[in-house]
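For clarity, every value in this text was computed on a predicted model and none was experimentally measured.
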Amino acid sequence: MPTPKQQRQFAWALATLFFAGSVLSFVDRSVLGVVMPQVRKDLALSNTEYGLAVNCFLIAYMAFYVLGGRLADLLGSRRTFILNILFWSVAGIAHAAARSLASLCVCRALLGAGEGGFFPTAMRGFSEWFPQENRAKAVGLLMCGISLGMLVTPPIVAWITLRYGWRAAFLLTGSLGFLFVPPWLWIHRRIRQAYGMPDPAPCRGEESDGVDSEDSSLSQILVKRKYWFFLLARAFPDTVTFFYLFWLPGYFQVVRHYDMATVGKLLWIPFFSADVGALTGAWFSSALIARGFGLDRSRRTALLLSALCPIVGASAFLAPTHTLALALASLALFGHFAWSSNMQTVITEIMPRRHMATLYGLTGAAGTLLGALTQPLVGRAVDVIGYGPPFAGTAVAYVLALTMLLCAGKVEQIR
């Protein structure tokens with residue numbers, strides 16, 4: 001058996017690969033938002049039709065968040081990681097061949113199906129390899145990958161688009177997924193050699209505090225109000241993720257008059273702030289736990305402080321200058337990803353690991369469903385009124401999330 005030091009090395013090696021996968025996931029889904037004006041022009045799409053294409057991604061993503069989570073519980077993260085990345089990479093490449101709204105919708109749906117199971121897979125892996133005091137750090141790294149993917153996409157895609165066109169942007173970014181398979185297979189070969197088995201779970205059972213809830217059925221968990229309050233506390237802010245992902249680049253191009261070169265020069269800033277927020281939120285709550293504040297108090301303190309930032313940042317559309325608007329959007333994303341690091345860690349801490357990926361997938365599906373319901377409304381609002389109501393809606397989402405958090409009760413495993 002490996003030493004504790006070797007176990008930590010394996011855990012962080014896997015976390016690094018999940019981090020890289022989350023970067024690629026959000027690069028592939030963010031490309032469309034960056035080239036939105038060019039795609040709309042070439043395919044003759046209105047904002048409402050663009051919102052429909054976005055919605056196709058979200059609907060498929062929602063369904064496979066649950067199905068992919070169930071698959072991860074059945075097959076383990078080792079197998080499902082590769083299945084997810086290969087599927088969505090092929091779907092990303094297929095965008096280069098889109099010639100109409102219908103074909104674009106099909107490509108977006110396939111991309112959503114491929115990416116849907118990735119985060120439940122990652123969360124199951126973290127629950128098996130990381131104890132509570134370090135798990136938020138691993139989840140924070142994963143969230144950092146999300147924001148890093150959104151950070152690097154504008155300059156990279158802008159550079160490719162200016163030289164080779166938007167179709168080449170999908171072709172090149174979609175091809176990157178094939179590079180992830182060899183290192184993933186290599187690290188698991190090392191794990192098999194060290195443990196004598198391919199899928200060890202070093203941290204299994206650490207959170208039960210003497211009460212074994214691993215035999216709880218899905219139906220027993222799903223009737224608990226605590227689970228549904230935490231589900232909604234995670235789901236409402238997920239709509240904020242999709243708004244900033246799919247509409248922020250277009251907002252700065254259409255309303256703030258950024259050209260593609262300025263997009264590449266400046267729009268990395270809000271997503272860099274999101275990176276900082278993801279890590280800051282995770283390390284802050286972990287530091288509170290280490291100082292003896294307890295799991296519940298530490299997570300709730302971090303979540304409350306994080307939520308204030310996107311509520312204030314939603315005023316970006318009222319900013320009199322482009323610089324202030326960019327700063328407020330950056331503040332919003334800082335707090336949003338600090339919230340996500342802690343809330344998604346909390347989800348893994350309140351449920352038995354036996355059904356962890358499935359139950360986590362349901363929370364992600366709920367957030368994606370809300371995102372799917374709001375995307376056509378965002379498109380319609382932008383066409384008719386402008387970006388003001390969607391920005392205001394991000395603040396409302398966090399007020400609702402805080403209300404659900406207060407109703408959910410103590411952060412502890414559901415019995």
Partner residues of Arg299 under the salt bridge (charged side-chain N to carboxylate O under 4.0 Å, His left out) criterion, sequence neighbours left out: Glu349

Shortest non-hydrogen contact from [X] toward [Y]:
X: Leu83; Y: Leu71; value: CD1-CD2, 4.3 Å
X: Ala53; Y: Leu101; value: CB-CD1, 4.4 Å
X: Ala332; Y: Gly313; value: CB-CA, 3.9 Å
X: Ala278; Y: Ser341; value: O-OG, 2.9 Å
X: Ser25; Y: Phe119; value: OG-CE1, 4.1 Å
X: Gly294; Y: Ile289; value: O-CG1, 4.1 Å

With the side chain counted from C-beta on, respond yes when [X] and [Y] share a heavy-atom pair under 4.5 Å apart, and no when they do not.
X: Tyr251; Y: Val382; answer: no
X: Thr374; Y: Phe243; answer: no
X: Leu86; Y: Val181; answer: yes
X: Leu248; Y: Leu333; answer: yes
X: Leu222; Y: Trp228; answer: yes
X: Leu331; Y: Ser273; answer: no
X: Ile156; Y: Val27; answer: no
X: Pro376; Y: Thr48; answer: no

Thr80/Thr121 under side-chain hydrogen bond (donor to acceptor under 3.5 Å, both in side chains): CA gap, chis, key distance, verdict: CA-CA 7 Å; Thr80 50; Thr121 297; 3.2 Å; yes

Any chance you could measure [X], atom [atom1], to [Y], atom [atom2], to the nearest 0.5 Å?
X: Leu328; Y: Cys309; atom1: CG; atom2: SG; result: 11.0 Å
X: Arg8; Y: Phe130; atom1: CZ; atom2: CZ; result: 11.0 Å
X: Leu14; Y: Phe81; atom1: CG; atom2: CZ; result: 9.0 Å
X: Trp88; Y: Tyr61; atom1: CH2; atom2: OH; result: 9.0 Å
X: Leu362; Y: Met62; atom1: CG; atom2: CE; result: 11.5 Å
X: Met143; Y: Ile146; atom1: CE; atom2: CD1; result: 3.5 Å

Qualifying ring pair (Phe, Tyr, Trp, His ring centres under 6.0 Å) pairs, either residue in residues 274-307, two or more places apart: none

Mutual orientation of the aromatic rings belonging to Phe272 and Trp268 [parallel < 30°, tilted 30-60°, perpendicular > 60°]: perpendicular

Parallel, tilted or perpendicular: rings of Phe126 and Phe18 (30°, 60°): perpendicular

Is the backbone of [Y] close enough, under 3.5 Å, to the side chain of [X] for a donor and an acceptor to pair up by distance?
X: Trp184; Y: Arg78; answer: yes
X: Ser315; Y: Val312; answer: yes
X: Tyr258; Y: Leu267; answer: no
X: Arg29; Y: Arg108; answer: no
X: Asn342; Y: Gly281; answer: yes
X: Glu128; Y: Gly125; answer: no
X: Ser285; Y: Ala282; answer: yes

Single hit among Thr173, Leu111, Val39, Leu32 for side-chain contact (heavy atoms from CB on, under 4.5 Å) with His95: Leu111

Option passing side-chain contact (heavy atoms from CB on, under 4.5 Å) with Thr239 (candidates Leu370, Leu369, Leu58): Leu370

Partners meeting side-chain hydrogen bond (donor to acceptor under 3.5 Å, both in side chains) with Thr368 (sequence neighbours left out): none

Got more than 12 heavy atoms from elsewhere within 6.0 Å of [atom1], [X]?
X: Phe178; atom1: CZ; value: yes
X: Arg40; atom1: CZ; value: yes
X: Arg291; atom1: CZ; value: no

ring-ring contact (aromatic ring centres under 6.0 Å, His included) partners of Phe26, counting only residues at least two apart: none

Six-ring centre of Tyr360, Arg234 cation under 6.0 angstrom, axis tolerance 45°: yes

Under 3.5 Å, side-chain donor or acceptor atoms of residues 390-411 against the rest of the protein: list the pairs with distances, not counting sequence neighbours.
| residue | atom | partner | partner atom | Å |
| --- | --- | --- | --- | --- |
| Thr394 | OG1 | Phe391 | O | 2.5 |
| Tyr398 | OH | His336 | ND1 | 2.5 |
| Thr403 | OG1 | Val399 | O | 2.9 |

For Leu377, side chain to side chain contact (heavy atoms under 4.5 Å, CB included) partners two or more places apart: none

Side-chain H-bond candidate by donor/acceptor type, Thr262 with Asp259, under 3.5 Å: yes

Verdict with reasoning, Phe170 to Val35, per side-chain contact (heavy atoms from CB on, under 4.5 Å): CA-CA 10 Å; Phe170 283 109; Val35 299; 4.1 Å; yes

Leu303/Met343 under side-chain contact (heavy atoms from CB on, under 4.5 Å): CA gap, chis, key distance, verdict: CA-CA 7 Å; Leu303 287 167; Met343 178 52 65; 3.8 Å; yes

Centroid separation Trp12 to Phe19 less than 6.0 Å: no

Step-by-step side-chain contact (heavy atoms from CB on, under 4.5 Å) determination, Tyr50 to Trp247: CA-CA 10 Å; Tyr50 171 76; Trp247 296 93; 3.8 Å; yes

Intermediate values then yes/no, side-chain contact (heavy atoms from CB on, under 4.5 Å), Leu279 and Asp275: CA-CA 6 Å; Leu279 294 177; Asp275 274 335; 5.8 Å; no

